[in-house]
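I have placed the structure first, in the form of structure tokens, so that the comments after it can refer back to it.
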2 protein chains.
Amino acid sequence: MSTDNQQKSAAQRRTIQREVILEELSKLKTHPRSDELYALVRQRLPRVSLGTVYRNLAKLHREGQALEIYCGDFVRYDADVSAHDHFICRACRRVWDFDSGHGHPTVGEPRSGDLAGFVMETQYTMFSGLCPGCSEREG
Amino acid sequence: MSTDNQQKSAAQRRTIQREVILEELSKLKTHPRSDELYALVRQRLPRVSLGTVYRNLAKLHREGQALEIYCGDFVRYDADVSAHDHFICRACRRVWDFDSGHGHPTVGEPRSGDLAGFVMETQYTMFSGLCPGCSEREG
DNA sequence: TTAAGTGCAAATAGTTTGCCAGAGT
DNA sequence: ACTCTGGCAAACTATTTGCACTTAA
């Protein structure tokens, strides 16, 4: 009886804010924090609020247009949603893209019987250690 | 000239608090949050404070006796520090141990030249999706 | 027209920290 | 004794949310 085939997802409106947020995020390879991205977006939209940045990042993440990287203290964002992993420096906490070299094996059925029933959707590997700069500094 | 061969790490004192915290954490396979662990420890040490739980968990983590699992909203802890990965349910946010089946390949030299200089220390894979209970509920 | 989205500010909540008393070695 | 630790409460900070106003469709 309904005219749309979408389950019931509310209509999405195109806004300059979301557009600029995704554009600025896409320019970066640095996996910015929300406040770093906020500063950039503000240069183009001086009246934008941090709340809007958060709301749109969450939306972009839900739609699969952005990755959320949990770093403990905060979240970093990445507009590159292709299959890749990350390296986080334990000293400076910056994040790099990292191609682990063993690819992204798709996990089929888990081997142990007691894992039956789990629906696997995503997987991703986090590497950590020291980046070149910090490894020099720390010896 | 110094009598100890430790670099300068302050003397570690053995305290009941840390002992109980590690004991309770070790009993669990549920990767508790700090507040869940706090509730358990409190049953044995009613006057313990949440700050103490946090301080000791951080200490245990530094010493390699506990894992910190970043779940976005909060941190979960695990006393099993052997090589294993985790599955997090995106609906109920609970965490399970998960043996991915492809082991923990040690990453040798990164293949791309521009990754030279990175010191790799740890790596670990996070799986996510729906647990059996939530997958039933959500269809 | 109308409801999704925004700006703003206040509220949340997990975690950290300063301070002084208490306990391990 | 000498200091690392703990208890307590206040502080911090990343993130979320309520509300009235805008604006895309």
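In what follows, every chain begins at residue 1, and chains take the letters A, B, ... in the order their sequences are listed.
To the nearest angstrom, C1' of C/dA9 lies 14 Å from CZ of A/Arg47. As rounded to whole Å, 15 Å separates atom C1' of D/dT17 from atom CG of B/Asp73. Counting to the nearest Å, the P atom of D/dT15 and the OH atom of A/Tyr70 are 10 Å from each other. What separates CG of B/Leu37 from P of C/dG14 is a distance of 15 Å, to the nearest Å. Distance CD1 (A/Ile21) to C1' (C/dT6): 10 Å, rounded to an integer number of Å. Between the CZ atom of B/Arg62 and the P atom of C/dT16 there is a distance of 10 Å, given to the nearest Å. Between the CZ atom of B/Arg76 and the C1' atom of C/dG14 there is a distance of 13 Å, given to the nearest Å. In this structure, A/Phe74 atom CZ and C/dT16 atom C1' are separated by 15 Å, rounded to whole Å.
Remark: B/Tyr54 is not in phosphate contact with C/dT16, judged by side-chain N or O atoms under 4.0 Å from OP1 or OP2. Here B/Thr52 reaches the OP1 or OP2 of D/dG7: one of its side-chain N or O atoms lies under 4.0 Å away. Contact annotation: A/Gln17 side-chain N/O to C/dG7 OP1/OP2 distance is under 4.0 Å. The phosphate of C/dG24 (OP1 or OP2) has no side-chain N or O of B/Gln12 nearer than 4.0 angstrom. At C/dG14, none of the side-chain N or O atoms of B/Ser34 fall inside 4.0 Å of OP1 or OP2 (strictly under the cut-off). Here B/Lys59 reaches the OP1 or OP2 of D/dT5: one of its side-chain N or O atoms lies under 4.0 Å away.
Remark: the A/Arg14 side chain and the C/dG5 base include no donor-acceptor N/O pair separated by less than 3.5 Å.
Minimum atom distance to the side chain of A/Arg13 is reached by D/dA24, of the listed C/dG22, C/dT6, D/dA24. You'll find that the side chain of A/Arg18 is closest to C/dG5, out of D/dG6, C/dT15, C/dG5. Each of D/dT15, D/dG6, D/dC19 was ranked by its minimum atom distance to the side chain of A/Leu50; first place goes to D/dT15. Side-chain proximity of A/Thr15 to D/dT15, C/dT16, C/dT6: nearest is C/dT6.
Taking the six-membered ring wherever Trp is involved, the centroid distance between the rings of B/Phe127 and B/Trp96 does not fall below 6.0 Å.
B/Ile21 contributes atom CD1, which lies 10.5 Å from atom OH of B/Tyr77 (distance to the nearest 0.5 angstrom). Taken from OG in A/Ser135 to CZ in B/Phe118, the straight-line distance is 9.5 Å, to the nearest 0.5 Å.
Backbone-only contact: A/Asn56 has heavy atoms under 4.0 Å from sugar-phosphate atoms and none from a base.
Annotation: side chain of A/Met126 is not in contact with side chain of A/Phe87 (no heavy-atom distance under 4.5 Å).
Both A/Pro46 and B/Arg55 sit near DNA chain C, but only A/Pro46 has its closest nucleotide nearer the 5' end.
Across all non-hydrogen atoms, the minimal contact from A/Arg76 to A/His31 is NH1-O, 2.6 Å.
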All N/O donor-acceptor pairs, side-chain side in residues 53-61 of chain B, below 3.5 Å, sequence neighbours left out:
unit_1	atom_1	unit_2	atom_2	d
B/Tyr54	OH	B/Ser34	OG	2.6
B/Asn56	OD1	B/Arg18	NH1	3.0
B/Asn56	ND2	B/Thr52	O	3.0

